Number of protein chains: 2
Amino acid sequence: MDHPPQKLLDLDRFLPYRLAVLAARVSRRLAREYADEFGIDIAEWRIIAHLAGGEVVSVRDIHARVNLEKPRVSRAVERLALRGLVDKTASAADGRLVELRLTGPGRALYEKIVPRALSLEARLLDVLTHREREILDRALSKLDGRIGAGL
Amino acid sequence: MDHPPQKLLDLDRFLPYRLAVLAARVSRRLAREYADEFGIDIAEWRIIAHLAGGEVVSVRDIHARVNLEKPRVSRAVERLALRGLVDKTASAADGRLVELRLTGPGRALYEKIVPRALSLEARLLDVLTHREREILDRALSKLDGRIGAGL
DNA sequence: TGACAATTATTTCGTTTGCAACGAAATCAT
DNA sequence: ATGATTTCGTTGCAAACGAAATAATTGTCA
């Protein structure tokens, strides 16, 4: 008796797998660069990038906005504060909140990182046509919306 | 004196960030499903999926092929072997190698997982038009090729 | 052949991770 | 007001991670 005909699943064509592998490779690459050149990790980078927007934000804001678990934000912020890159003061209005802002050195570091980050992104996107970039952009947004909406 | 004009970087438009967030969300969703329904994690799933191809492979093959670090493969394989889902025997030809193959129960589990995995993928892809899927497919391949080639 | 290099899988070990629990502070309900 | 509930940030802790070390086997070449 033969095996029943079975629909095989090719991992290399399986979207969740492809996304995970690509994202891991890109993140690893970025992480190495950030670590070697600037001594920060991905969580710290995301926090700095978010703070560079200028608004005063709390740990929770970052947690909600930048896809990092609260403990991870808390510890990363602590490291950044110890290095003087981020200013961390208790909110006067609400004693539970912490007001986070980029310091001068923090902004200086940010401005050194940005060109590197954009350059890496540009080199990546280089392999795509303009139209492919457009559609990739839209597709990622749609997928993210879908997965965000409970599936 | 004002700040010098500074090119801001919007995280939400930064490809590495978008990929990381989307992949993390999708993976987390899959991981929960695999854990709840089948008691396996992502690494175990990848190994099973790869073994389902039928060839006899080694730990190293999986490591190279499926983007998992060697220790992770080693431990995941060990767990699968303890549960009788994978057969693990030393190679006669080369004593350093381990020959891995799916057992009957292993294949049975695989065949239960596949429809779930494909269903989730389908529900994701549902939000994309046919053309968007095509281009997303090509774009991911191109990007992966690029990052693979040292960038 | 025999010493040395290379390869494979595992293990070790220090770090990171993230869930859960906590204390402090604010908000709500009565 | 006062007590209960909720929100915020941090911390404790067990598990996971991964780089490097190790053990076992094979390959090389003098």
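Sequence lines set the chain letters: A, B, ... in the order given, protein chains first and strands last, and positions in each chain run from 1. Predicted model, so just to flag it, every value in this text is computed and none were measured.
- Taking every heavy atom of residues 48-57 of chain A and every atom of DNA chain D, no pair lies under 4.0 Å.
- Once rounded to the nearest 0.5 Å, the distance linking OG1 of A:Thr89 with CZ of A:Arg101 reads 5.5 Å.
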Scan nucleotides 16-20 of chain C against the protein and return all N/O pairs shorter than 3.5 Å with their distances rounded to 0.1 Å.
{"unit_1": "C:dT17", "atom_1": "OP1", "unit_2": "A:Arg72", "atom_2": "NH2", "d": "3.2"}
{"unit_1": "C:dG18", "atom_1": "N7", "unit_2": "A:Arg75", "atom_2": "NH2", "d": "3.3"}
{"unit_1": "C:dG18", "atom_1": "O6", "unit_2": "A:Arg75", "atom_2": "NH2", "d": "2.6"}
{"unit_1": "C:dC19", "atom_1": "OP1", "unit_2": "B:Arg28", "atom_2": "NH1", "d": "3.2"}
{"unit_1": "C:dC19", "atom_1": "OP2", "unit_2": "A:Glu69", "atom_2": "OE1", "d": "3.4"}

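- Side-chain atoms of B:Arg60 stay outside donor-acceptor range of the base of C:dT8, with no qualifying N/O pair under 3.5 Å.
- With a cutoff of under 4.0 Å to any heavy atom of chain A, the contacted region of DNA chain D is bounded 5' to 3' by D:dT7 to D:dA19.
- Partners of B:Asp144 according to the side chain to side chain contact (heavy atoms under 4.5 Å, CB included) rule, which considers only residues two or more places apart in sequence or in another chain, are A:Val21, A:Leu22, A:Arg25, B:Ile147.
- In this structure, B:Glu134 does not pair ionically with B:Arg138, as no charged nitrogen and carboxylate oxygen lie closer than 4.0 Å.
- Contact annotation: the side chain of B:Ile113 approaches that of B:Ile40 to within less than 4.5 Å [non-hydrogen atoms, C-beta and beyond].
- Where A:Gly95 and B:Leu97 each meet DNA chain C at their nearest nucleotide, the meeting point lying more 5' is that of B:Leu97.
- In this structure, B:Asp61 places its CG atom 9 Å from P of C:dT8, rounding to the nearest Å.
- Expressed to the nearest 0.5 Å, how far CG of B:Leu9 lies from CD of A:Glu111 amounts to 12.0 Å.
- Rounded to whole Å, atom C1' of C:dT11 lies 12 Å from atom NZ of B:Lys70.
- A heavy-atom distance below 4.5 Å is not found between the side chains of A:Tyr110 and A:Leu51.
- Between A:Leu100 and A:Asp87 there is no side-chain heavy-atom pair separated by less than 4.5 Å.
- The closest donor-acceptor contact from the side chain of A:Thr103 to the backbone of A:Leu85 lies under 3.5 Å.
- Annotation: A:Arg133, atom CZ; neighbour count of heavy atoms from other residues, nucleotides and ligands within 6.0 Å is above 12.
- Legend: residues meeting side chain to side chain contact (heavy atoms under 4.5 Å, CB included) with B:Ala43, ordered by chain and number and at least two apart, are B:Asp41, B:Leu68, B:Arg72, B:Ala76.
- Atoms CG (B:Asp94) and P (C:dA6) sit 17 Å apart, rounded to a whole Å.
- Qualifying side chain to side chain contact (heavy atoms under 4.5 Å, CB included) partners for B:Val127, counting only residues two or more places apart in sequence or in other chains: A:Lys142, A:Leu143, A:Arg146.
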